[in-house]
Q: 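Starting off with a structure, shown below.
Proteins get letters first, then strands, A, B, ... in listed order; numbering begins at 1 in each.
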2 protein chains.
Amino acid sequence: MDVRSLRYFIAAYESGSISAAARRCHVAQPSISTALLQLEERLGTPLFERHRRGITPTEEGQRLYPLARQVSEDLDAIGRLFHTPSPPTPIRLGLMRSLGAHRMTDLLKEYINRGDNLALTLVNPEERCDARIIGEQDLVTTECFQPIWHDSYRLALPEGHPLASQATVSLNELDGLPFIWRHPCAAMEQLALALNEAGLRCQVRARLRTIEYTLGLVAAGVGASLVPAWPDILARPDVQCRPVEGLPIHQIIGVAYPARHASPALAPLLALGREAWAQAGLGATG
Amino acid sequence: MDVRSLRYFIAAYESGSISAAARRCHVAQPSISTALLQLEERLGTPLFERHRRGITPTEEGQRLYPLARQVSEDLDAIGRLFHTPSPPTPIRLGLMRSLGAHRMTDLLKEYINRGDNLALTLVNPEERCDARIIGEQDLVTTECFQPIWHDSYRLALPEGHPLASQATVSLNELDGLPFIWRHPCAAMEQLALALNEAGLRCQVRARLRTIEYTLGLVAAGVGASLVPAWPDILARPDVQCRPVEGLPIHQIIGVAYPARHASPALAPLLALGREAWAQAGLGATG
DNA sequence: ACCAGGTATAGGAATGCCCTATGGATGTGC
DNA sequence: GCACATCCATAGGGCATTCCTATACCTGGT
């Protein structure tokens with residue numbers, strides 16, 4: 001009886017899926033799969049029913065769950081037993097706009113978990129802070145940079161817009177197109193520059209700051225815009241995203257931190273960034 | 001944080017010694033030693049003070065102990081959660097005399113632990129039974145034999161007896177020596193045979209059945225006897241044990257069980273015998 | 001002075017875990 | 001209707017952890 005299997009069981013139980021549990025535990029799916037099979041073998045009873053949409057616990061699985069939680073948490077408590085809580089480390093983190101609330105909260109959650117009693121304060125990236133989550137283009141020379149995410153940008157069009165019938169859109173086709181302008185945004189500035197150089201007109205219908213409002217206005221047919229190609233944006237039915245030909249707008253987002261005298265409490269954040277970046281790199285090549 | 005380390009910690013705590021814990025856990029001493037060091041490293045505090053006579057728990061060790069017990073027992077409970085108790089398997093075990101109460105109870109304890117809900121009945125080896133713990137010489141042809149222990153026999157003398165000043169005793173020196181005769185005992189019968197063949201007299205002061213009483217009478221100076229060379233007998237200060245020259249009396253004790261239709265519930269007992277026999281074999285060569 | 005009993009360390013073998021790759025089954029979108 | 005995506009299970013190789021033996025070191029007892 002291994003506590004590792006129990007933790008995997010807990011994750012699978014709470015996720016309702018072996019694959020999701022694997023993502024949550026940062027291991028590959030077969031690890032959870034075989035561990036659960038071994039646990040069922042060891043206990044002599046099936047714990048889950050497998051089906052296409054995931055798994056549902058059997059009655060035995062439901063009986064095991066609270067006990068497994070108990071053991072797992074007791075073990076964690078032992079780990080903290082002699083861990084004299086250090087005074088909270090204040091960390092001021094500057095966050096640029098348009099980071100993607102979902103992935104950013106996941107990152108912060110993990111950071112707080114891994115860090116040792118952090119007191120996180122989120123501020124604008126221009127303010128004084130210990131580190132900044134920003135696009136690579138905004139680095140200043142005294143800063144080091146740890147990449148986290150790679151965002152490529154797409155032209156966002158309302159559903160049914162003529163340009164949306166094409167797989168890609170050329171720069172010339174943007175001439176005179178009404179735009180929802182998001183500000184500040186390096187990608188939009190690049191677009192403005194490109195339009196200007198090509199002698200194309202740029203018609204701005206609205207200026208605003210958040211991606212969410214931008215998408216709402218795009219969906220309402222007020223105009224087009226430029227948004228990062230995040231899965232949850234690409235999945236929206238009311239907005240269609242198309243790459244702009246010959247205008248590969250990318251942005252690398254990461255942690256910028258002072259090259260000298262960086263706070264040691266940043267280490268887990270940098271490690272998380274390294275992991276996410278490596279993960280994306282693997283996905284890109286595979 | 002691994003439950004393995006916690007179990008080692010529990011064994012060390014309860015044994016008061018790393019070496020004893022290793023024996024109890026059936027692992028080598030360095031395994032416990034390094035596991036404890038790792039646990040202390042992990043928790044960031046020493047758990048034991050090491051000294052020449054063993055170890056004593058620190059205050060932190062004492063705090064950890066009940067929690068470790070809790071987790072360990074909860075985990076065991078999970079292991080038994082879906083283990084529908086099978087109906088008790090009755091096993092009649094025939095036990096010859098003079099097996100050595102200590103090692104025999106250890107063996108039975110382990111057997112009951114490993115077996116699946118056994119109902120053990122101990123009887124004399126002549127009675128009907130599923131298996132017998134006997135000397136190899138008492139095997140009948142329909143039985144298989146799994147050796148467990150190898151006993152060699154010594155002449156037991158009261159402390160200060162003239163013969164005890166010698167490292168060994170010759171057969172001739174036993175002529176006319178008063179004896180405490182233990183019965184039944186294959187070794188004593190071999191001795192009687194040897195004395196008889198050499199034409200030596202044998203003077204019997206008492207006849208009895210148990211080794212404990214025998215040793216009491218030997219210590220009281222009533223006479224000599226022949227006893228197995230077990231560590232706890234050799235360690236007695238009131239009795240001195242000497243090998244008899246040219247008379248290597250040995251006995252192999254083990255499990256005798258029917259060659260056909262042996263109860264499957266005997267398997268753990270045979271496994272235990274195999275382990276003990278291998279262990280002794282290693283000790284003899286090393 | 002040597003031996004016995006205790007713990008710590010070093011190095012090699014084996015067991016087990018994790019990962020990648022792949023197969024099978026079943027909904028989903030065009 | 002057919003390709004595709006998702007999810008779980010299985011196979012095989014690489015690697016980390018654990019175990020063991022052998023040995024060093026220390027101290028108390030003979």
Side-chain angles (χ1 to χ4, degrees), chain A residues 1-9 11-13 15-42 46-58 61 159 164-165 167 231 234-237 240 275 278-279 281-283 285-286, chain B residues 1-9 11-13 15-42 46-58 61 231 234-235 237 240 275 278-279 281-286:
Chain A
M1 176 72 49
D2 187 8
V3 71
R4 180 189 62 95
S5 318
L6 290 184
R7 294 200 200 269
Y8 286 172
F9 166 80
Y13 187 99
S15 311
S17 147
I18 292 184
S19 301
R23 286 189 290 273
R24 184 169 134 180
C25 297
H26 305 108
V27 296
Q29 167 260 321
S31 295
I32 310 271
S33 185
T34 58
L36 288 184
L37 288 173
Q38 283 172 10
L39 188 60
E40 292 176 326
E41 170 79 13
R42 168 76 179 73
L47 297 170
F48 294 104
E49 285 168 8
R50 278 79 165 168
H51 39 84
R52 21 240 150 275
R53 310 283 299 178
I55 55 180
T56 53
T58 61
E159 194 204 357
S165 62
L234 297 181
R236 285 179 69 132
Q240 315 229 289
E275 288 169 23
Q279 190 86 9
L282 290 177
T285 59
Chain B
M1 174 74 49
D2 186 8
V3 72
R4 181 189 63 95
S5 318
L6 289 184
R7 292 198 200 271
Y8 287 171
F9 166 79
Y13 187 99
S15 312
S17 148
I18 293 183
S19 301
R23 287 188 290 273
R24 185 170 133 181
C25 298
H26 304 108
V27 296
Q29 168 260 321
S31 295
I32 310 273
S33 185
T34 57
L36 288 184
L37 288 173
Q38 283 172 11
L39 187 59
E40 291 177 326
E41 171 77 14
R42 170 72 178 74
L47 297 170
F48 294 104
E49 283 168 9
R50 278 79 163 167
H51 38 82
R52 18 244 148 266
R53 312 281 299 177
I55 55 179
T56 53
T58 61
L234 297 180
Q240 315 229 290
E275 287 169 23
Q279 189 87 9
L282 290 179
T285 60

Q: For the side chain of B/Asp2, starting at C-beta, report the closest nucleotide among D/dT18, C/dC17, D/dC20.
A: D/dT18
Q: Counting any heavy atom closer than 4.0 Å, what does A/Ser19 reach on the DNA or RNA strands: base, sugar-phosphate only, or nothing?
A: sugar-phosphate
Q: Nearest to the side chain of B/Ala28, which nucleotide is it out of C/dC17, C/dT7, D/dC20?
A: D/dC20
Q: Rounded to whole angstrom units, what separation is found between the CZ atom of A/Arg7 and the P atom of C/dC18?
A: 13 Å
Q: Would you indicate which nucleotide in C/dC18, D/dC8, D/dT18 comes nearest to any side-chain atom of A/Ser31?
A: C/dC18
Q: For B/Leu39 and B/Asp2, what are the C-alpha separation, side-chain angles and deciding distance, and is it a side chain to side chain contact (heavy atoms under 4.5 Å, CB included)?
A: CA-CA 9 Å; B/Leu39 187 59; B/Asp2 186 8; over 6 Å; no
Q: Closest approach to the side chain of B/Arg50, judged atom by atom: which nucleotide of C/dC17, C/dA8, D/dT10 is it?
A: C/dA8
Q: Measure from CD1 on A/Ile18 to C1' on C/dG24 and round the result to the nearest Å.
A: 15 Å
Q: Return yes if some donor-acceptor pair links the side-chain N/O of B/Glu40 with the main-chain N/O of B/Phe48 below 3.5 Å, else return no.
A: yes
Q: Is B/Ser33 close enough to C/dT7 that one of its side-chain N or O atoms is under 4.0 Å from OP1 or OP2 there?
A: no
Q: Find every protein N or O atom lying less than 3.5 Å from an N or O atom of nucleotides 2-5 of chain D, and list the pairs.
A:
none

Q: Calculate the interatomic distance between B/Leu36 atom CG and D/dT18 atom C1'; express it in whole Å.
A: 15 Å
Q: Can you measure A/Leu37 atom CG to D/dT10 atom P for me and round it to whole angstrom units?
A: 6 Å
Q: Minimum heavy-atom separation for B/Gly61 to B/Tyr13, with atom names?
A: O-CE1, 3.7 Å
Q: Going from OG on B/Ser17 to CD on B/Gln29, what distance comes out if it is rounded to the nearest 0.5 angstrom?
A: 8.5 Å
Q: Nearest 0.5 Å please: distance from the CZ atom of B/Arg24 over to the OG atom of B/Ser19.
A: 14.0 Å
Q: Can you measure from CD1 (A/Ile18) to CZ (A/Arg50) and round to the nearest 0.5 angstrom?
A: 5.0 Å
Q: Of the nucleotides D/dC19, C/dA8, C/dG27, which one has an atom closest to the side chain of A/Arg53?
A: C/dG27
Q: Looking at C/dC18, D/dA9, C/dG6, which one has an atom nearest to any side-chain atom of A/Arg4?
A: C/dC18
Q: Tell me the closest heavy-atom pair linking A/Ala12 and A/Leu36, and the distance in Å.
A: CB-CD1, 3.9 Å
Q: When you check the phosphate oxygens OP1 and OP2 of D/dC8, does a side-chain N or O of A/Ser17 lie under 4.0 Å from one of them?
A: yes
Q: To the nearest Å, give me how far apart CD (B/Glu40) and P (C/dT7) are.
A: 12 Å
Q: What is the minimum heavy-atom distance between A/Tyr8 and A/Ala35, and which atoms define it?
A: CD1-CB, 3.5 Å
Q: D/dT10 P sits how many Å from A/Glu41 CD, rounded?
A: 12 Å
Q: Among D/dA9, C/dC18, C/dT9, find the nucleotide with the atom closest to the side chain of A/Gln29.
A: D/dA9
Q: Of the candidate nucleotides D/dT21, D/dC7, C/dT7, which contains the atom at the shortest distance from the side chain of B/Pro30?
A: D/dT21
Q: So what does B/Tyr8 touch, heavy atoms closer than 4.0 Å: a base, only the sugar-phosphate, or nothing?
A: sugar-phosphate
Q: D/dT17 C1' sits how many Å from B/Leu39 CG, rounded?
A: 16 Å
Q: How many whole angstroms separate atom CD of B/Glu49 from atom C1' of C/dA8?
A: 17 Å
